[in-house]
Every structure is written in C-alpha cells, then in structure tokens.
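When a residue number appears, it is its place in the shown sequence, counting from 1. Order of appearance sets the numbers: ligands from 1, and atoms from 1 within every ligand.
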Amino acid sequence: MSERFDAAALRAQFPVLAQSVRGKPLAYLDNGATTQKPQVVIDAVTHFYAHDNANIHRAVHTLGERATAGYEGARVTVQRFLNARSEREIVFTRGTTEGINLVANSFLRPRLQPGDEILVTGMEHHANLVPWHLACAATGAQMRHVPLKDDGSLDLDTLPGLLTERTRLFAFTAVSNALGTVNPVAQLVALAHARGIPVLVDAAQAVAHLPAHELDVQALDCDFLVFSGHKIYGPTGIGVLYGKRSHLDAMPPWQGGGDMIREVFLDRSTFAEAPSRFEAGTPPIAEAIGLGAALTWFMALDRTAALAHEDALLARATEALRALPGVRIIGTAPRKVSVLSFVLDYAHPHDAGTFFDFEGVAVRAGHHCAQPVMARFGVPATLRATFAPYNTDADVEALLRAIARVHKTFTD
Ligand code: PMP
C-alpha cells in the first residue's frame, strides 16, 4: 500500500461511498462500468442548474454567456487533459459509443470499398465492434482482428500480416474492460502509421487508469481517441471524440440540426467548422461542465500515488484469489490496470454476484459487452471487480469475504 496516498481522505470526497448496502459498508468495485462522482463534480452540475442554466452559443443574455463560457471552458479542460494541439480537436459526444459511431459514419464509411478491411483486436468492447460491423454491411468491407494470447495480451507477432494495403482503419482499445490488459498504444499507432493506416484509440477504460503521458494524443500521434465522462468521475451522457484537425476538417457532418450550420436555405445548408459541425442540437451542457470539473479534479490529484494505490489493490486481490481453490482468473497479461475478472468453478457468475451484494460488494457479472472475449476464454460470463483510487484494503477484504460466503453456500 502506498504510504504517500490517503485513500480514506479521497474516499471522503465521494458521498455515495459512505453508505451501507444490506447492512454492510458499501464496497464499490464496479468502477469499470461507471465511476462514482466526487462532491466537486456534483457541486459543479448543481451550481450550473442553480445559477447559470441557459442554452449555449445563441443567447445574448448573461446566463447564456455564462453557460457558453462553462461549456467551452470544459472543452479547453479536455484539450489540456489530452494535450491536444487545439480545443477545436475536441468534439463533445454522448460517450465513447457515440464517438466511435461518429467516426464510423463520417470518417470511415465514405472511404470503404468492397474488400477493404477494418482491423480491431480480439478484446474489443461491443462499442468498438458493432459500428464497424454496420459500416461493413453497408459497404462490403470486412473485419479482421489481432488475436489474443492465453494471458489476454495481444499476439503482436500477427500484426504485420494484418496491417495490409486494404486496411482502412485500425481501431483498438487502450485497456480491455473485460481483462484489464494494457495495450502498447504508441507502438500500435506507429506500426499502423508506418503503413499509412489511420488509428482510433478506445480510451474508455484507459482514461482513469493510465498516467498522463500515455494519454497524450500528440505523443501517441493517434488519429482519433474516444472516451466517456462517466468512467472518469464525471457525469453520464457526455463523452469526447478527439480527432486530428486535418481529419475533422475533412469529415462531413453525421447528424444535422441546430448549431452545426453556417447557413441554411430551404433546400440546402452549409456547415460550421469542427467541432461545432459535429455537435448538432442542444448539447449536454451541464454534463460537459461536470466533465470539466471531473478532469480538473483528476488532474489535481497526485495521479502517480493514486494509480500506485489502485495497482497495489489489484495486485493484492489478484494474489489472494490465486490462492483460493476453484477460482480462475481470466486475463493475466504482464501489464494490467484496475480489472480483476474471474470465474468460480462452483457458482455461476450471476448467482455469485447476487450473493456478493449480500456482503455489500458491488461487482459486475456478465459478458461485459465483450462476448468475443468470453468466447476466446470459453466462459459465458465472468465476475469482474474493478478498482479505483478510493477503494481500500477493506474493499478487498469484503470481496474475499463475499467469495468465501459463496464458496460455503455452493459447496456445503
Ligand atoms: N469501450 C470500452 C473499453 C468500455 O469499457 C466501454 C464501457 N464499458 C465502452 C467502450 C462504451 O462506453 P459508453 O457505454 O460509455 O459509451
């Protein structure tokens, strides 16, 4: 456990964590699904609705100006968080899923011909598969994937053969939500770029768990990067698509409506520049402001110490589970963050997850929107505990107690 890091003090900033569930202190270990929100984020959203609520960009009145400044200020915060060259490379979306659909529809589809290929990996979330499937169905392009090794890391030896002259995009996750594997993002980008292939990075699981330099879009040189606010202590309903300016400027709008236009006639319209071009209609204003507050809060943390604490919890829980009979850990790659996926040979994940709740332990049980990963490891579902810096040793102990209870119930 890191001596420099005070997890209890951090935890005290999250009101939701100070409760009991079924008479037990809440051990919230479902951070991979969504993170809890610190008081500063709750306050930012409340403050907006209590003092500044108005629609943005169009208003000439004071509240409209404040709301616009808050929304555009959040964009600048995201730019700083990702070290993008310009805030104009930051498009607000509803989340990772919408960002990927935007790239699939606006960037990729116009470029696809029958026989073209989209390369993904065997560990993608459905959000980084289904939009490409739809694009393939509409154009005759095909999916290829980088296979997984038995430990849940990418089989990188296959990559040179998969990046071909037909590959139009390489879309991969930085961190697997089902396995916890951390992929070598910069190396993958460089390999794709060496063949002139653009890259999309799904950073949904990475944003809250990797150090800043591994999310620096200029250093990574990725073409697109997407994430969701709710996975990094911000609100739901808001996410980010980072795109290189040269790409965004060349991409047609995907959705039409107010605020994304330059001029509209009855029979045609011209469009605003990026990012407005991709933000049709009234956006999630309070949510964007909440995301700005979340990123500001996160950047002010001692991130190295916070992530070291989280890594120590993952290591401790992993070691403890390894010592238990009838437990199989799914995903044992050399570099992992946050995620501990496992199956019990004496209980179905859904049954076990329900029993965990009796101990106040919140984990996920299911396929984690990664059915190809489940198929690869020959399991229908897993239990998944996912750690954040506000978790403590007590949460790990609660998890171990919950497993012991399931073991007793199902084997006695
Ligand atoms: N990609 C990964 C790796 C994820 O973990 C998730 C969320 N579980 C998504 C994409 C989709 O994110 P959202 O549902 O917030 O759009």
Side-chain angles (χ1 to χ4, degrees), residues 28-37 78 91-105 118 120-134 145-146 148 152-154 169-183 185 188 199-210 214-215 222 224-242 254 283-284 287-288 290-291 294-295 330-331 333 335-341 362-374 376 381-388:
Y28 185 77
L29 295 173
D30 198 15
N31 297 289
T34 199
T35 54
Q36 299 299 349
K37 320 306 171 201
V78 177
V91 179
F92 281 127
T93 64
R94 276 194 299 122
T96 304
T97 302
E98 190 176 64
I100 295 173
N101 276 280
L102 198 164
V103 174
N105 283 283
I118 302 168
V120 293
T121 79
M123 66 172 82
E124 299 308 321
H125 186 281
H126 298 166
N128 199 25
L129 291 172
V130 184
W132 314 123
H133 296 169
L134 295 172
H145 73 272
V146 185
L148 301 187
S153 59
L154 293 178
L169 183 77
F170 183 20
F172 60 87
T173 194
V175 172
S176 159
N177 70 313
L179 302 165
T181 312
V182 180
N183 287 324
V185 176
L188 297 181
V199 169
L200 176 140
V201 178
D202 174 352
Q205 289 296 331
V207 272
H209 304 288
L210 292 186
E214 293 190 63
L215 293 163
C222 52
F224 300 100
L225 181 142
V226 285
F227 72 92
S228 303
H230 70 96
K231 306 238 195 225
I232 182 158
Y233 314 107
T236 51
I238 184 76
V240 169
L241 163 65
Y242 158 82
W254 174 40
E287 289 81 353
L291 173 59
L295 294 180
I330 308 290
R335 183 159 179 227
K336 288 179 60 177
V337 284
S338 181
V339 179
L340 180 53
S341 242
V363 299
R364 188 132 293 231
H367 53 61
H368 318 299
C369 296
Q371 287 181 353
V373 176
M374 301 296 114
R376 167 65 178 80
T382 73
L383 287 153
R384 185 188 70 173
T386 40
F387 297 91

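Side-chain atoms of Ser228 never come within 3.5 Å of backbone atoms of His230 as a donor-acceptor pair (strictly under, hydrogens ignored).
In this structure Glu124 satisfies the salt bridge (charged side-chain N to carboxylate O under 4.0 Å, His left out) test with no other residue, sequence neighbours excluded. Remark: Ser338 pairs with no residue by the side-chain hydrogen bond (donor to acceptor under 3.5 Å, both in side chains) rule, at least two apart or across chains. Under the rule for a side-chain hydrogen bond (donor to acceptor under 3.5 Å, both in side chains), Asn101 has no partner lying at least two apart in sequence or in another chain.
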Item to check | Verdict with supporting geometry, Leu148 and Leu179, side chain to side chain contact (heavy atoms under 4.5 Å, CB included) | outcome: CA-CA 11 Å; Leu148 301 187; Leu179 302 165; 3.9 Å; yes
Checklist entry - What do the steps show when you test His125 against Thr173 for side chain to side chain donor-acceptor pair (under 3.5 Å), and what is the final call? => result CA-CA 8 Å; His125 186 281; Thr173 194; over 6 Å; no
Give every pair made of an N or O atom of ligand 1 and a protein N or O atom lying under 3.5 Å apart, one pair per line with both atom names and the distance to 0.1 Å, or write 'none'.
residue: ligand 1; atom: 1 (N); partner: Asp202; partner atom: OD1; Å: 3.3
residue: ligand 1; atom: 1 (N); partner: Asp202; partner atom: OD2; Å: 2.5
residue: ligand 1; atom: 5 (O); partner: Gln205; partner atom: NE2; Å: 2.8
residue: ligand 1; atom: 8 (N); partner: His125; partner atom: NE2; Å: 3.3
residue: ligand 1; atom: 8 (N); partner: Lys231; partner atom: NZ; Å: 2.6
residue: ligand 1; atom: 15 (O); partner: Ser228; partner atom: OG; Å: 2.7
residue: ligand 1; atom: 15 (O); partner: His230; partner atom: NE2; Å: 2.8
residue: ligand 1; atom: 16 (O); partner: Thr96; partner atom: N; Å: 3.4
residue: ligand 1; atom: 16 (O); partner: Thr97; partner atom: N; Å: 2.9
residue: ligand 1; atom: 16 (O); partner: Thr97; partner atom: OG1; Å: 2.6

